[in-house]
Every structure is written in structure tokens, then in C-alpha cells.
> 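One structure is given below, represented as C-alpha cells, and several questions about it will come after.
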Amino acid sequence: MESLGMARVIQSRPSINPALIKHNSAVIRQLKFSSLCKRRCKNSALRIRRSFSGRSDSKVSASHDESSVVEDEEEEKEEGEEKPLLLAGEMDDSGSLIGFYLIPESGKLVEKHATTDRVEDYEDIEGEEKVQTRASSVIVFVTAEAAPYSKTGGLGDVCGSLPIALAARGHRVMVVSPRYQHGTSENQKFACAVDLNCPTKLFCFGGVQEVGFFHEYRKGVDWVFVDHPSYHRPGNPYGDNYGGFGDNQFRFTLLCHAALEAPLVLPLGGFTYGEKCLFLANDWHAGLVPVLLAAKYRPHGVYKDARSILVIHNLAHQGVEAAITYNNLGLPPEWRAALEWVFPTWARTHALDTGEAVNFLKGAIVTADRILTVSQGYSWEITTSEGGYGLHELLYSRRSVLNGITNGIDVSEWDPSSDKHLDAHYSADDLSGKVRCKISLQKELDLPVRPECPLIGFIGRLDYQKGIDLIRLATPEILEDDVQFVMLGSGNPHYEDWMKATEVAYRDKFRGWVGFNVPISHRITAGCDILLMPSMFEPCGLNQLYAMRYGTIPVVHCTGGLRDTVQHYNPYADEGHGEGTGWTFSPPTKENMLMALRFALQTYREYDSSWVGLMKRGMTSNFTWINAAIQYEQLFEWAFLDPPYTG
Ligand SMILES: Nc1ncnc2c1ncn2[C@@H]1O[C@H](COP(=O)(O)OP(=O)(O)O[C@H]2O[C@H](CO)[C@@H](O)[C@H](O)[C@H]2O)[C@@H](O)[C@H]1O
């Protein structure tokens, strides 16, 4: 895709701008306040008699009991009691009352929302607002992976850290994922999760399936693990050395059914999450969650106040199985169309193949109340035929509820000044430890110890998505130069074999570490000078964020989240001090990638201060989850403003 054209279109795509949110909400509050003041002068004020704690961090619930609401012509103030005024009811487009706005005499504005409890500091209505907004929601993440319990890639990272960030902001957060037992030391990761002794029966796959629930409360989050024998087997969450598991549809159907029961049946911390919650269904594995909400629960009056958001981390994986398997999913027959999927003629295997299938992700896109991708760039790309993996028309039709929020990272786990996996530490103020990390890495990989030699790294799943074909094509030319190159990854056996063979051919220059190893991924991120990410598409990408935080300069294909997060280097900007955090190239050809790499290598070798500038700008960029969490909160509000999807 041509980059300039895409940039132009991106400007019109739906997006969340935090500055705009802040501005708009301030304006809305200002308008509400002034119109309400006028009303207050004309009419008698309606008062709610109730005690009010006034704590800005407490959930405040207004009583809806009629006896507690009285009209009062003479506004008398009883000593020692704060009596908030009822300023107005908030209506939605259909005229339904969805919330109240109250202001107590302390000056704190209190709003009781139909779906969230919000507390906002109102120091000075006329003057500069001291913003301290918290919308407290009840959130249920449903995911196949959540680090540190389970992780094969970025999904695990996000579902392991975003819930903690949201819980820290006052939300009640549960994460539901399978209790994998692979029969290795990895089992220990679930050691602190206790059996809730709450066996639950689910109906799917032609009968009753019984699951158990394990629970650990950690960092403010309820981590709930669904237990079933199908999650107990060697390999990773999705497969083993022989490929993907044949019963993955069954395993993740169970996860979805169980996740919808968990808020109703598990008394976590003494009481259940209840029906008024917000489900965040991550990728196809959780795709049945919005479908079940619409098809199985809402028609019976359960979860009628709940909402769902489908979070797409990777559209390439959709959970597609033969059409006949629909009957196994525990869904009413009349909902078949929501999941129905017909492969285009060219993708069918033979002349009699009708191409009919069920597609979990498609079902979720149809039925979710909102849809979110993990960067704004990707949220637009998936509505195009190039990036939509066959679902672009459907996604385009739902673009009014489609947004993109760039992922954050866990800055405590990924911190070069304290990283437990590193031999030496460093920061933007003192970079001296980085070269020691490089020397340690060269020793560990048995590469010639040459601190001056540029070290290029790659970390990721060995998959078409990650641009491995481009790397394979370009490696002989990359290694003609005086560089070292290390790749860490696992996945497609062809790519794994290529890495092993390349290591043999270039003993002094190339290392291919086949496997999944978190400590070595930290050491490569710290020890390398350049991180290469030529992804064909990249919904967000986390490794470039980790790299920038570690002063390792990313060279990336300008796509999706890579485009949104890596700013192309311009040495002439800022009065010659330079601007940008890495190099981007597009379209993804070998020549373009080599050219970007050569620019990076030349800057590394010849322009020391420019290189340090690049490192420091990356290291001081703000990639915390707080930015993203604020945007998620806006999305939660929007989800509850609209009526739920009912079909
Ligand atoms: N062999 C290995 N050993 C150790 N660690 C390894 C490893 N291979 C990968 N990792 C780790 O796995 C994570 C990969 O995250 P990415 O976001 O780059 O890609 P992924 O495609 O899996 O995620 C998808 O979901 C995320 C989250 O939304 C999106 O950012 C992304 O674009 C999308 O494709 C990183 O933490 C990385 O260090």
C-alpha cells in the first residue's frame, strides 16, 4: 500500500484523540453547568436528601428511592450535612434517562451514570479544571493468553498488563483464560491459583461439559482460570510440534461459555461481578462471547445491561471450521447466519467444495457492541481489501463502532534500569550499561566480542506476518556488511530450518535462536543496536516499543501500529538536532528494507551524537498503559451509551 495515500485516508478514519476527549468532556460539562444554573434560578431546586462522603476516590451511588427525593422551595442548608443539588437528568437520543448530574456544596461534581459510577473533581467551574476523572466499570477480559500465566506473543502481553492498569484506575477487573497444564515447569505459573470449588455445567458439543474455575487475586485483578482436561496437554496454548490442536474450536467454545457464566456464579471477594458488566473479547478465541450474549442470554433477560467489545489483535486468525460444526456451539439454530462464512471460489479445495464454514471472528464482528483494534492505523487497514482478510466489507459496514487504540507496554517489566534479565543496567541519563549488555549478549551467543560492530536483532513469531521472507531474501546482502545479526523466534518449521542453516553458513555473523525464551528476548532487546521489524502487516507491534525503551533503534515497515509508533528519522529537523525515533520503509521490498538498514548503519557508524539523540528520544517516549487506559475508558462510556446488539 502506498504510504502517502494511506496517510491521507487515515485522517478520516474513526479514532480516539485523548486531547479531544478531554476538551469535549470539559465543554460538555461547562454547558451542562451553565444551563443548569439558569434552570436553578428559574425553578425551585430539586434536592436529594442523602449523606454524601465527598471522597473523590469513592464510588458514590445516589439513591433512587422516591422517598429520599423532595422538592424544596427554600434551599436550607442543614449544618454538617452536604446536600448535593440534582441539576439534571441526562437523556440519550431516544429520550431515555441514562444518568444524573449532581453537585454538592463542596464543589465536587458527582454524576450517577446508568452504567458507570463517575467521580470528578470540580475545583473551579469557571477557571482551569483540575482534571481527575474516573469512570468505574465492571470489566471481564476473555482471552486465550495472559502473561505471565500463558504467552505465545503480544496477546499475552496485553491481556497480562492492561487489566492491571485498568484495575489501578478504579475498575473492577476479571480476566478469564484457560488453566493450561503442559506437564512442564510452566505449570508452576498457575500454582497460586486456588480451586474455587465451583464446578459449572455448560451445554455445547452435543452434551453437558463440566468446567472448574481457579482464581488468583493479583495486582488488583481477579485472574480466573477455566479448568478442563482439554487444556491439560504438552505444547503451547494452540498446538504442539505436530501443528495446531484439532479440537481448538471445542476448547475455545468452552472458554467463551465459561467466561459468560463466571460473572454470574463466582463470588470473588465475597460477591459476584453480576450482569452489568463489560466483556472485552480478545481475538477469535473469545469470539463467541458477543454471539452468546446476543443469542443465548439477552433474549432471556440476562445480561441485558451488559455490553461487549471485540478487541482485534490479529485479523489473520479467525477461527474458521466446517459449517457443520455450528451445531456444536450451543447456539440457537436461528443465529447460524451470524457465523456463516463462505470462502471465495479461488480458496476452495475442489469443484464440489461449497466453501461454507463457520467463522468465530466474523460472528463477533457482527454481534459485538463495539469493535476495537490495537492501533488506529490498523483500524483503518482492516476496512480495506488489502488488510481485511475477507472481512473488510463487514468491518467497513460497522465502522461507526470501530476504533483503534495503540497498545501500551508494561514499563516495570521492560525497564533497562532494573531489568532482572540483564547483566548491566542503563537509562537515558546514563547509557554506559548498554554496551556492557551488548558484550554479554555477544558472549552468550558465542559471537565475536566486538562492541563497535553494529548488532541487528529480530524477535518474533516465525510467521508470514513478520516479514521473514524479506529477511531471508536480504540476509546475504545484510551480512556482506560488517555487522552481526541475531534472530529469536519459533513457528513455521521452514523458517526455523532456514535460521539454523544460516547460522551454520555465517558462523561469525549470524545467530538463529529457535525457541520461545523471554529472558533472552530481553537481552537481545538491550544488547542490539538495531531492531529489524519488516512485518507485512502489524496490528500494533510491541517489540518496537520495547526496543525504543531500551535505546535500540527500530527499522520497520511502515504499516499498522509500526507506522503509528515509530517516527521516521529526520536529521535536519529541530535546527539540526534531528527528530524521530527510527527508520520506516514502504512498500515492503528487499531494496527498501536494505536502504533503510544502510541509513541506520551509516548513522550508527558516522554520526554518534545523532545516534544518541535517536536513542534518547525513544527511551523517553511515553509508552505506558495510562494513555491507552484513558482512551479505553472513553470507549467503555460509548459502549454503554448505545443500546446493546440484539440482532
Ligand atoms: N521466540 C520468542 N521468545 C520470547 N519472546 C517472544 C518470542 N517471540 C515473540 N516473543 C514476544 O512476544 C511478543 C510479541 O508481540 P508482538 O506484538 O510483536 O506480536 P504478535 O504478533 O504476537 O501480537 C499480536 O497482538 C499484539 C498485541 O495486541 C500486537 O501488538 C501485534 O501487532 C499482533 O500481531 C513480544 O513480547 C515478544 O518479545
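Atoms within each ligand, like the ligands themselves, are counted from 1 in listed order.
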> Could you check whether K500 pairs with E503 (Lys NZ or Arg NE/NH1/NH2 to Asp/Glu carboxylate O, under 4.0 Å)?
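No.
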
> Can you tell me the protein heavy atom closest to atom 14 (C) of ligand 1 and the distance?
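Residue, atom and distance for the closest contact: G154 N, 3.4 Å.
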
> So do F458 and V486 actually touch side chain to side chain, heavy atoms under 4.5 Å?
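No, every pair of side-chain atoms sits at 4.5 Å or beyond.
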
> Could you tell me if any non-hydrogen atom of K151 lies under 4.0 Å from any atom of ligand 1?
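Yes, K151 has a heavy atom closer than 4.0 Å to ligand 1.
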
> Might you confirm whether atom NE2 of H494 has over 12 heavy atoms from other residues, nucleotides or ligands at distances under 6.0 Å?
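At most 12 heavy atoms, drawn from other residues, nucleotides or ligands, come within 6.0 Å of this atom.
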
> Should we say atom OH of Y464 is surrounded by more than 12 heavy atoms from elsewhere, each under 6.0 Å from it?
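Counting other residues, nucleotides and ligands, OH of Y464 stays at 12 neighbours or fewer.
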
> Using a 4.0 Å cut-off to any heavy atom of N314, which atoms of ligand 1 qualify?
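Near N314, the atoms of ligand 1 are 34 (O).
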
> Can you confirm, on distance only, whether ligand 1 has an N/O atom lying under 3.5 Å from any N/O atom belonging to V374?
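In fact, backbone or side chain, V374 has no N or O that close.
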
> So which heavy atom in the protein is nearest atom 30 (O) of ligand 1, and how far is it from that ligand atom?
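Ranked first by proximity to atom 30 (O) of ligand 1 is G541 N, 2.7 Å.
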
> Tell me: protein heavy atom nearest atom 25 (O) of ligand 1, and distance?
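Heavy-atom neighbour on the protein nearest atom 25 (O) of ligand 1: H313 CB, 3.6 Å.
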
> When the ring centroid of W284 is compared with that of F252, is the distance short of 6.0 Å?
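Centroid separation for W284 and F252: below 6.0 Å.
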
> Among all protein heavy atoms, pick out the one at the shortest distance from atom 3 (N) of ligand 1; state its residue, atom name and that distance to 0.1 Å.
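Here the nearest protein heavy atom works out to N517 N, 2.9 Å.
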
> So is S375 touching ligand 1 or not, going by heavy atoms under 4.0 Å?
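Contact absent.
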
> Taking only heavy atoms of V158 into account, list the atoms of ligand 1 that are under 4.0 Å away from them.
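Those atoms are 27 (C), 28 (O).
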
> List every atom of ligand 1 that sits less than 4.0 Å from any heavy atom of G153, numbering the atoms from 1 in the order shown and giving each element.
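By the 4.0 Å cutoff, the relevant atoms are 12 (O), 13 (C), 14 (C), 22 (O).
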
> Could you tell me how the ring of Y550 sits relative to the ring of H522: parallel (under 30°), tilted (30 to 60°) or perpendicular (over 60°)?
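Taking H522 first and then Y550, their aromatic rings stand perpendicular (interplane angle over 60°).
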
> So that I can tick it off, tell me whether R436 and D423 are bridged by a salt bridge, with the cut-off set at under 4.0 angstrom between side-chain N and carboxylate O.
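No, no charged N to carboxylate O under 4.0 Å.
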
> If you count the atoms of ligand 1 from 1 in the order shown, which ones are under 4.0 Å from a heavy atom of G515?
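The list of qualifying atoms is 1 (N), 2 (C).
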
> Give me the ring orientation class for W583 and Y569: parallel if the planes are under 30° apart, tilted from 30 to 60°, perpendicular past 60°.
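Correct class here is perpendicular.
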
> Any atoms of ligand 1 less than 4.0 Å from a non-hydrogen atom of N543? List them with their elements.
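This gives 18 (O), 35 (C), 37 (C), 38 (O) as the contact atoms.
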
> Count the heavy atoms belonging to other residues, nucleotides or ligands that lie under 6.0 Å from CZ of F599, then report whether that count exceeds 12.
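Not more than 12 within 6.0 Å, no.
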
> For atom 9 (C) of ligand 1, which protein heavy atom lies nearest, and how many Å away is it?
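Protein heavy atom with the smallest distance to atom 9 (C) of ligand 1: G460 CA, 3.7 Å.
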
> Please list, in number order, the atoms of ligand 1 under 4.0 Å from a heavy atom of Y546.
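Atoms satisfying the 4.0 Å criterion: 35 (C), 36 (O).
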
> Nearest non-hydrogen atom to atom 19 (O) of ligand 1 belongs to which of E538, K466, R461?
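The nearest heavy atom belongs to K466.
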
> If you have a sec, work out which protein heavy atom is nearest atom 36 (O) of ligand 1 and how many Å separate them, to one decimal?
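The answer is D157 OD2, 2.5 Å.
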
> Can you confirm, on distance only, whether ligand 1 has an N/O atom lying under 3.5 Å from any N/O atom belonging to M533?
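Between M533 and ligand 1 (N or O atoms, distance only) the closest approach is not under 3.5 Å.
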
> Would you check if M593 and L532 make a side-chain contact, meaning some heavy-atom pair closer than 4.5 Å?
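Of all side-chain heavy-atom pairs linking L532 with M593, at least one is under 4.5 Å.
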
> Less than 3.5 Å between some nitrogen or oxygen of C540 and one of ligand 1, yes or no?
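Yes, there is a polar N/O contact under 3.5 Å.
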
> Quick one: does R399's side chain get under 4.5 Å of W380's, heavy atoms only?
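R399 does not reach W380 side chain to side chain.
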
> With atoms numbered from 1 as shown, which atoms in ligand 1 lie under 4.0 angstrom from a non-hydrogen atom of N407?
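Close to N407: 27 (C), 28 (O), 30 (O).
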
> Please report which non-hydrogen protein atom sits nearest to atom 16 (P) of ligand 1, along with the residue it belongs to and the distance in Å to one decimal place.
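Protein heavy atom at minimum distance: L542 N, 3.8 Å.
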
> Side chains of I478 and L597: does their closest heavy-atom pair fall under 4.5 Å?
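A side-chain contact exists here, since the closest heavy-atom pair is under 4.5 Å.
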
> Who gets closest to atom 6 (C) of ligand 1 by heavy atom: F516, F537, Y378?
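Selected option, by shortest heavy-atom distance: F516.
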
> Under 4.0 Å between a Lys/Arg side-chain N and an Asp/Glu carboxylate O for D463 and K466?
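No, no charged N to carboxylate O under 4.0 Å.
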
> In the protein, what heavy atom is nearest to atom 34 (O) of ligand 1, and what distance, to one decimal place, separates them?
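Looking only at protein heavy atoms, the one closest to atom 34 (O) of ligand 1 is Q465 NE2, 2.9 Å.
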
